[in-house]
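A short worksheet on the structure shown next.
Being a predicted model, the structure only gives us computed values, none of them experimental. Along the sequence shown, residues carry numbers from 1. For ligands, and for the atoms within them, numbers begin at 1 and follow the listed sequence.
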Amino acid sequence: MSQTFEKLIVSKFGGSSMADKEAITRSATVAVNRGSSVVLVSATYGTTNQIIEMTDHAKLGNWDEAKNVLDKLAKRHLELAQEFELNDKELSSIKEILTEASTLVQGVSLLKDCNKKVMDSLLSIGERISSHYMRRAIANVLAQKNINKNVTYFDIRKVMITDDRFGSALPQLELIKKEASKYMMDAKHGEAIFVSQGFVGSTKDGQTTTLGRGGSDYSAALIAEAIGANELEIWTDVAGIATTDPRICPKARPINQITFQEAAELATFGAKILHPTTLAPALRSNIPVFVGSSYEPEKEGTWIKKECEHRPLVRAMALRKNQSLLTITTPKMLHAHGFLARIFGLFDQYKISVDAITTSEISVAMTVDSSIDEEKELLDELRSIGEVNLESNLSIVSLIGNNINHTPGLAQTIFNGLQQDDTELVNVRMICLGASKHNFCFLVNSDQADLAIKRLHQTFIEEK
Ligand code: ASP
Ligand code: MG
């Protein structure tokens with residue numbers, strides 16, 4: 001059966017979509033209904049954290065406690081295997097993976113040490129097991145629907161080649177493409193559905209690696225790119241991206257479409273959405289990304305695309321809490337050059353990320369995460385350049401949209417919106433506009449941040 005005319009879809013199901021038999025079956029139904037050819041999964045909900053907990057005990061030499069967690073993990077997984085009525089071969093494969101985990105964690109507890117290489121092998125077991133359930137669940141759904149198609153359990157380590165930075169390994173795209181074209185052609189030609197693991201990879205010489213916590217979105221984007229997929233679908237437990245955090249603003253609405261650039265601004269400025277760095281392969285290869293809820297697959301969800309038909313001035317707004325404003329002032333900056341280079345050189349050296357910046361002739365102000373307090377050495381070095389002032393308890397409010405720096409009257413609408421009535425005036429401590437056509441952000445006291453979002457959401461989204 002060939003279906004090359006159909007869309008080639010890679011989908012990824014996160015931990016919450018893999019919570020139990022019911023959730024996995026629901027996810028499998030989604031994968032089949034959407035016509036996915038490659039399905040990558042996370043570990044079942046909570047498993048990765050459990051593996052970390054187990055290893056933490058083992059590192060202290062507390063074998064009994066480590067064993068306790070391992071037993072719980074094994075029991076839960078064997079129960080699931082039973083619920084899915086896995087066959088002997090599948091069951092023995094899961095048991096082998098669990099034995100591998102047990103051996104490794106015993107080693108860790110004897111050594112009272114766990115290097116990153118061992119940790120990655122331990123971490124990989126969650127995804128390696130959960131993909132067995134998903135394979136079976138998809139096979140069940142296909143059988144129910146009388147669809148005759150192979151569903152293959154695929155070990156992603158054959159294809160997801162990375163370097164050896166264990167714990168956050170760097171995928172090697174050319175090798176991934178090469179191996180995918182060797183092993184995954186059946187998926188491409190519609191002859192099989194591949195069920196495999198997110199997050200997990202392998203060095204060229206076969207050592208297990210991982211891409212870092214939450215890495216399975218990245219896995220899915222890379223595989224989509226490697227096999228030339230038409231679409232990437234990320235299934236989670238929220239029906240896409242909302243105009244703002246619904247906990248702050250109950251009237252937040254789902255966004256149907258958003259560009260990669262806007263999504264990048266949104267994620268950087270605090271929205272809990274897929275991090276665009278993990279979607280970089282999709283952006284690079286222009287693969288539209290869908291984000292939806294496997295719990296409510298009938299809801300529209302969000303498409304992240306290179307271009308959207310509708311480009312509203314303000315599409316969404318985000319809040320980034322726990323910010324500090326660091327101001328460095330020195331008359332030496334007057335008509336001089338090189339000050340900013342010195343200052344940012346230091347931030348680079350201490351690996352501190354700066355988000356919003358404004359300058360005047362003799363001072364520069366920038367927002368940083370409030371953990372800057374702990375960077376005593378950096379602060380001392382900055383003090384040797386100028387007078388340093390640190391204000392905390394601030395939040396960045398950002399409006400994300402299009403043509404933001406070329407729209408007359410926008411600032412006026414924003415500030416009128418902020419001060420709608422004179423019950424409570426919102427003080428704006430700093431404004432950042434001009435660098436991007438997609439972002440207007442400003443800094444307020446944290447205790448006024450929710451109010452600012454509510455008022456602006458009303459002005460720009462609810463009243464539209
Ligand atoms: N299971 C891994 C984690 O929890 C990877 C993922 O789910 O994306 O971080
Ligand atoms: Mg996850």
Side-chain angles (χ1 to χ4, degrees), residues 10-20 23-24 27 30-31 36 38-56 69-70 72-74 76-77 80 94 97-98 100-101 104-105 114 116-135 154-157 159-160 162 165-171 176 195-202 208-225 232-238 267 272-282 289-295 304:
V10 172
S11 42
K12 175 253 164 176
F13 292 86
S16 54
S17 299
M18 299 290 292
D20 50 24
I24 297 172
S27 298
V30 171
S36 301
V38 177
V39 178
L40 297 189
V41 297
S42 286
T44 55
Y45 187 76
T47 299
T48 309
N49 287 339
Q50 231 175 359
I51 296 170
I52 292 170
E53 190 196 337
M54 166 178 86
T55 316
D56 283 345
V69 182
L70 177 64
K72 268 197 268 176
L73 190 149
R76 176 78 203 106
H77 279 92
L80 256 175
I94 290 179
I97 298 171
L98 289 169
E100 181 187 321
L104 286 170
V105 82
C114 180
K116 288 185 175 171
K117 193 192 275 188
V118 174
M119 192 66 213
D120 272 358
S121 286
L122 277 164
L123 285 170
S124 74
I125 67 161
E127 274 64 10
R128 283 160 59 207
I129 297 180
S130 66
S131 38
H132 274 294
Y133 310 135
M134 184 56 118
R135 195 212 73 86
F154 183 69
D155 190 332
I156 205 68
R157 290 174 295 182
V159 165
M160 186 58 70
T162 69
R165 268 173 258 191
F166 296 95
S168 53
L170 276 187
I176 295 170
V195 182
S196 193
Q197 307 80 35
F199 179 52
V200 178
S202 166
T208 301
T209 56
T210 66
L211 308 188
R213 285 308 303 269
S216 37
D217 294 334
Y218 192 27
S219 301
L222 284 160
I223 295 296
E225 179 173 42
L232 168 63
E233 299 186 350
I234 306 282
W235 293 94
T236 161
D237 55 0
V238 286
K272 271 218 152 181
I273 61 169
L274 296 173
H275 206 284
T277 51
T278 70
L279 298 181
V289 180
F290 174 81
V291 187
S293 164
S294 64
Y295 288 77
I304 310 175

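- Residue F199 approaches ligand 1 through these ligand atoms, each under 4.0 Å from one of its heavy atoms: 2 (C), 5 (C).
- Backbone and side-chain nitrogen or oxygen atoms of G15 are examined, and none is located within less than 3.5 angstrom of a nitrogen or oxygen of ligand 1.
- Using a 4.0 Å cut-off between a side-chain N of Lys or Arg and a carboxylate O of Asp or Glu, E100 and R128 qualify as a salt bridge.
- Which of E127, R213, Q197 comes nearest to atom 1 (N) of ligand 1 through a heavy atom is settled by distance: it is E127.
- Taking 4.0 Å as the cut-off, G14 does not count as a neighbour of ligand 1 on heavy-atom distance.
- Note on ring orientation: taking the six-membered ring where Trp is involved, the planes of W235 and F13 are parallel (angle under 30°, cut-offs 30° and 60°).
- Take A19 and apply the side-chain contact (heavy atoms from CB on, under 4.5 Å) test, not counting sequence neighbours, and it matches A23, Y45, Y295.
- Checked against ring-ring contact (aromatic ring centres under 6.0 Å, His included), F154 has the following partners two or more places apart in sequence or in another chain: F194.
- Under a 4.0 Å criterion applied to the non-hydrogen atoms of S42, ligand 1 contributes the atoms 6 (C), 7 (O), 8 (O).
- Side-chain contact of T210 with D120: a donor-acceptor pair under 3.5 Å is present, judged by distance alone.
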